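Here is the structure we will look at, set down as structure tokens.
Below, each value reflects all heavy atoms present in this structure, side chains not excepted, and no hydrogens, waters or symmetry copies. What you see is a predicted model; the values in this text were computed from it and never measured. Positions are given from 1, in the same order as the sequence printed here.
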Amino acid sequence: MIGRAASVQFADGRGFRFRVISVDRKWTYDGWVWLTGYVIDREGNAAERREIFVQRRGLHRLAGHAKD
């Protein structure tokens, strides 16, 4: 789940569900990461591919959606 805690760009209720498909390994600011993935719509479908820059500590895994 991407929201305010991940980055100020997602504040003001602009949060969304995001399915991560890759994590960029290049160096960034400490605690930040580039993620590539899909915005997930209300039906659970991949709606839009995006690359986002977020704080790791602000990311939240939704229960029942992780692959083990």
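- For the atom pair Arg19 CZ and Asn45 CG, the distance stands at 8.0 Å (nearest 0.5 Å).
- A distance of 10.0 Å separates CZ in Arg17 from CZ in Arg42, rounded to the nearest 0.5 Å.
- For the atom pair Leu35 CG and Phe18 CZ, the distance stands at 6.0 Å (nearest 0.5 Å).
- The aromatic rings of Phe10 and Phe16 lie perpendicular to each other, with more than 60° between the two planes, well past the 30° mark.
- At a threshold of 4.5 Å between side-chain heavy atoms, the hydrophobic network of Ile, Leu, Val, Met, Phe, Trp and Tyr places Met1 and Val39 in two separate groups.
- Annotation: side chain of Asp24 is not in contact with side chain of Val33 (no heavy-atom distance under 4.5 Å).
- Ring geometry, Trp27 versus Tyr29: the interplanar angle falls from 30° to 60°, so the pair is classed tilted.
- Across every non-hydrogen atom of Trp32 and Arg56, the tightest pair is O-NE, 4.3 Å.
- Residues Val20 and Thr36 are not in side-chain contact: their nearest non-hydrogen atoms beyond the backbone lie 4.5 Å or more apart.
- Residue Arg50 holds its CZ atom at 13.5 Å from CD1 of Ile21, rounded to the nearest 0.5 Å.
- Heavy-atom minimum distance, Gln9 versus Phe53: NE2-O, 3.4 Å.
- With rounding to the nearest 0.5 Å, the separation of CD1 in Ile40 from CD in Glu48 is 11.0 Å.
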